[in-house]
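Report on one structure; see the data block that follows.
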Amino acid sequence: QVQLVESGGGLVQAGGSLRLSCAASGRTLASYSMGWFRQARGKEREFVAAISGSTGATRYADSVKGRFTISGDNAKNTVYLEMNDLEPEDTAVYYCVADRTFFSIIHGGAIDYWGKGTLVTVSS
């Protein structure tokens with residue numbers, strides 16, 4: 001079992017930055033690929049970013065490419081999402097996920113573990 005706890009959400013003005021953290025317990029992150037999804041009010045949940053546990057490769061949604069960066073610290077069992085140049089459209093609950101396969105995260109397959117989410121609000 002893997003438990004995921006997100007933190008770092010909050011209110012920020014457009015153009016600002018936030019860094020989300022996802023602390024994992026129960027298993028080492030090196031065994032899993034990790035990622036972030038988000039869900040805005042009234043919209044479907046969407047993929048944001050992922051990092052492969054085996055290769056360190058990353059993948060991003062087109063809407064965040066160039067603005068968001070995903071990284072991991074295996075020693076701390078923590079994954080981060082650095083978000084820059086935030087836009088009101090980035091307002092959503094952000095969820096951390098973990099899965100044994102990178103493919104499942106980036107292609108929306110069944111994902112093993114989800115955090116409870118952290119709210120990011122970007123004001124215009």
If every non-hydrogen atom of [X] is compared with every non-hydrogen atom of [Y], which pair is closest and at what distance?
X: V97; Y: W114; value: CG1-CE3, 3.3 Å
X: V48; Y: V64; value: O-CG2, 3.6 Å
X: R67; Y: D85; value: NH1-O, 3.0 Å
X: M34; Y: I70; value: O-CD1, 4.0 Å

Between [atom1] on residue [X] and [atom2] on residue [Y], distance to nearest 0.5 Å:
X: C96; Y: Y113; atom1: SG; atom2: OH; result: 13.0 Å
X: R100; Y: S31; atom1: CZ; atom2: OG; result: 6.0 Å
X: F37; Y: E44; atom1: CZ; atom2: CD; result: 12.0 Å
X: I105; Y: Y32; atom1: CD1; atom2: OH; result: 11.0 Å
X: Q3; Y: K116; atom1: CD; atom2: NZ; result: 10.5 Å
X: E46; Y: S63; atom1: CD; atom2: OG; result: 5.0 Å

* Can you find a side-chain donor-acceptor pair between S33 and D99 that sits under 3.5 Å? ->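 Their side chains do not contain a donor-acceptor pair, so the 3.5 Å distance test is not met.
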* Asked: Under 3.5 Å, is there a donor-acceptor pair between the Q13 and S123 side chains?
  ->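 Looking only at side-chain atoms, S123 and Q13 do not form any donor-acceptor pair under 3.5 Å.
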* **Close side-chain approach of T91 to V120, heavy-atom, < 4.5 Å** =>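 SC-SC contact between T91 and V120 ruled out.
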* Tell me, with the steps shown, if E6 and L20 meet side-chain contact (heavy atoms from CB on, under 4.5 Å). => CA-CA 7 Å; E6 303 96 335; L20 304 183; over 6 Å; no
* To do: Could you check F68 against L86 for side-chain contact (heavy atoms from CB on, under 4.5 Å), going step by step and ending with a plain yes or no?
  => CA-CA 9 Å; F68 290 12; L86 284 160; 3.8 Å; yes
* To do: Evaluate the side-chain contact (heavy atoms from CB on, under 4.5 Å) criterion for residues T69 and Y60: first the C-alpha distance (whole Å), next the side-chain angles of each, then the deciding distance (0.1 Å), finally the verdict.
  => CA-CA 8 Å; T69 303; Y60 298 92; 3.8 Å; yes
* To do: Would you verify whether the NZ or CZ of R19 falls within 45 degrees of the ring axis of Y80 while also being under 6.0 Å from that six-membered ring's centre?
  =>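 Yes, R19 lies over the aromatic ring of Y80.
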* To do: Answer yes or no for R38 and Y95: cation-pi contact, defined as NZ/CZ to six-membered ring centre under 6.0 Å and angle to ring axis within 45°.
  =>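 Geometry flag: not set, cation outside 6.0 Å or 45°.
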